[in-house]
Number of protein chains: 2
Amino acid sequence: MSLINFSEGFFIAVHSLILLEKHKPERLSAKFLAQELHSSQAHLSKVFQKLTKAGVVTSVRGPAGGFVLNKDSEEITFLDIYEIVEGRVNISGCVFGKSYCAFTTCIFGNELNKLTKEVYDKLNSTKISDFR
Amino acid sequence: MSLINFSEGFFIAVHSLILLEKHKPERLSAKFLAQELHSSQAHLSKVFQKLTKAGVVTSVRGPAGGFVLNKDSEEITFLDIYEIVEGRVNISGCVFGKSYCAFTTCIFGNELNKLTKEVYDKLNSTKISDFR
DNA sequence: ACTATAAAGGTATTAGAGTACCTAAATAGA
DNA sequence: TCTATTTAGGTACTCTAATACCTTTATAGT
Ligand code: FES
Ligand code: FES
């Protein structure tokens with residue numbers, strides 16, 4: 001149990017994109033990336049379908065096919081990647097994600113929201129090119 | 001999607017325990033608590049089975065039955081409650097919860113671990129009695 | 001053109017959190 | 001003692017992320 005925990009999908013996305021950056025302009029296949037990350041190729045493929053549709057990478061089918069990072073994708077933030085994979089991030093609101101609470105003031109006040117904001121800022125200030 | 005997100009089970013536990021503290025020495029039933037919190041009574045009952053076994057509350061069956069906070073439970077920390085409900089917390093290690101990583105240094109360095117530690121400290125420094 | 005390869009994408013299975021339901025055991029009150 | 005109530009605890013269902021499998025589509029290389 002970890003208090004801050006990112007999903008396997010996000011793990012795959014950031015690690016793969018950094019690998020693509022490092023191997024630029026090589027084209028890397030889903031199979032290769034999955035092996036490299038010790039992740040499921042099926043899951044990785046699904047994640048890359050999202051990244052392709054979002055325009056982060058370009059896919060090429062067929063033999064010697066695979067994925068390449070798009071020109072301006074080095075400057076994409078981890079927050080963008082997070083939202084492509086996980087959906088829109090909500091920075092405000094209770095850490096319990098509840099709309100109703102029996103108490104008038106949220107138990108944790110905004111202390112945890114402040115920490116959430118810090119995680120958000122960290123994601124938003126980190127780019128693929130930071131790992132050149 | 002929230003970056004820091006606590007489970008329904010933990011929501012139930014802390015809110016219920018604070019209600020028990022506020023209504024002391026009244027005995028509150030699972031039904032009443034579930035209504036109060038707008039939560040599932042079934043889920044709440046399961047959570048309270050853990051809290052009872054852990055000695056945080058005492059349960060009484062039968063009509064006018066319910067739960068009361070134990071004497072020293074006001075001083076129990078939110079971290080203790082978290083671990084009773086969710087299992088042992090791991091403060092170190094990568095936010096992706098992976099044992100293997102393709103990179104030599106963790107992507108986020110220890111910046112996110114620092115934030116995890118702050119959440120941990122917040123939980124560890126908050127007690128039921130803070131909400132008297 | 002043919003063929004082998006790799007992504008696209010649909011469907012199905014698995015694992016875990018949350019939910020619901022049912023029976024047994026305890027107990028307060030008549 | 002009897003009855004209604006409430007927790008204990010087992011089982012089963014639902015929903016979602018992750019995983020796996022399979023068919024279709026595109027394409028590089030011959
Ligand atoms: S909703 Fe935030 S603490 Fe109750
Ligand atoms: S495991 Fe922490 S970033 Fe790769």
Side-chain angles (χ1 to χ4, degrees), chain A residues 1-2 5-13 15-16 20 26-70 82-87 95-98, chain B residues 1-3 5-13 15-16 20 26-70 82-88 95-98:
Chain A
M1 266 298 119
S2 195
N5 200 3
F6 293 148
S7 74
E8 174 74 9
F10 185 49
F11 168 86
I12 287 173
H15 284 75
S16 296
L20 284 176
E26 233 179 300
R27 200 183 290 163
L28 302 182
S29 71
K31 185 179 179 186
F32 172 81
L33 288 169
Q35 283 173 345
E36 209 63 22
L37 301 183
H38 291 59
S39 291
S40 148
Q41 182 179 339
H43 196 188
L44 188 139
S45 294
K46 299 295 187 193
V47 170
F48 267 85
Q49 286 177 20
K50 292 183 185 175
L51 293 174
T52 302
K53 272 194 221 156
V56 178
V57 297
T58 298
S59 67
V60 178
R61 300 192 193 184
F67 304 93
V68 280
L69 207 58
N70 281 342
Y82 189 96
E83 295 198 319
I84 289 168
V85 174
E86 308 281 4
V95 288
F96 292 110
K98 307 280 283 192
Chain B
M1 267 300 119
S2 196
L3 294 172
N5 200 3
F6 292 149
S7 74
E8 174 75 9
F10 185 50
F11 168 87
I12 287 173
H15 284 74
S16 296
L20 284 175
E26 232 178 299
R27 199 182 293 162
L28 302 183
S29 71
K31 185 180 180 184
F32 172 81
L33 288 169
Q35 283 171 346
E36 209 64 21
L37 301 184
H38 290 60
S39 291
S40 149
Q41 182 179 338
H43 196 188
L44 188 139
S45 293
K46 298 296 185 193
V47 170
F48 267 84
Q49 285 178 20
K50 291 183 186 175
L51 293 174
T52 302
K53 270 193 221 158
V56 179
V57 297
T58 298
S59 67
V60 179
R61 300 190 194 186
F67 303 93
V68 281
L69 207 57
N70 281 343
Y82 189 95
E83 294 197 320
I84 289 168
V85 174
E86 309 281 4
R88 184 126 219 102
V95 287
F96 292 109
K98 307 281 284 193

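First the proteins, then the strands, lettered A, B, ... as listed; each starts at 1. Note that these values count all heavy atoms, side chains included, but never hydrogens, waters or copies made by symmetry. Here the structure is a predicted model, which means the values were calculated and not measured.
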Just the table, please: protein N/O against nucleotides 17-20 of chain C N/O, every pair under 3.5 Å.
unit_1	atom_1	unit_2	atom_2	d
C/dG18	OP1	B/Glu8	N	3.0
C/dT19	OP2	B/His43	ND1	2.9

Result block: side-chain N/O donor-acceptor pairs under 3.5 angstrom for residues 49-69 of chain B, not counting sequence neighbours:
unit_1	atom_1	unit_2	atom_2	d
B/Lys50	NZ	B/Val85	O	3.1
B/Thr52	OG1	B/Phe48	O	2.6
B/Thr58	OG1	B/Asn70	OD1	2.4

Show me, pair by pair, the donor-acceptor contacts under 3.5 angstrom made by side chains of residues 39-47 of chain A, not counting sequence neighbours?
unit_1	atom_1	unit_2	atom_2	d
A/Ser39	OG	A/Glu8	OE2	3.1
A/Ser40	OG	A/Ala42	N	3.3
A/Ser40	OG	A/His43	N	3.0
A/Ser45	OG	A/Gln41	O	2.9

Rounding to 0.5 Å, atoms CD (B/Gln35) and OG (B/Ser29) come to a distance of 7.5 Å
When rounded to whole Å, the CZ to P distance for the pair A/Arg27 and C/dA6 reads 11 Å
At a 4.0 Å cut-off to heavy atoms of chain A, the contacted part of DNA chain D spans D/dA18 to D/dA28
Residues at least two apart in sequence or cross-chain that pass ring-ring contact (aromatic ring centres under 6.0 Å, His included) with A/Phe10, listed by chain then number, are A/Phe6, A/Tyr82, B/Phe96
Taken to the nearest 0.5 Å, the spacing of B/Leu20 CG from B/Arg27 CZ works out to 11.5 Å
Sorted by number, residues from residues 60-70 of chain B placing a heavy atom under 4.0 Å from DNA chain C are B/Arg61, B/Gly62, B/Pro63
Exercise. Look at all strands and tell whether B/Ser45 reaches a base, only sugar-phosphate, or nothing, counting heavy atoms closer than 4.0 Å.
Key: nothing
Nearest heavy-atom contact between A/Lys98 and B/His38 is NZ-O, 4.3 Å
A/Leu44 atom CG is separated from C/dA6 atom P, nearest whole Å, by 14 Å
Query raised in the report: Just checking B/Lys50: base, sugar-phosphate only, or nothing, at a heavy-atom cut-off of under 4.0 Å?
Result: nothing
Of all heavy-atom pairs linking B/Asn5 and A/Gly97, the shortest is OD1-N, 4.3 Å
A/Leu51 atom CG is separated from C/dA7 atom P, nearest whole Å, by 13 Å
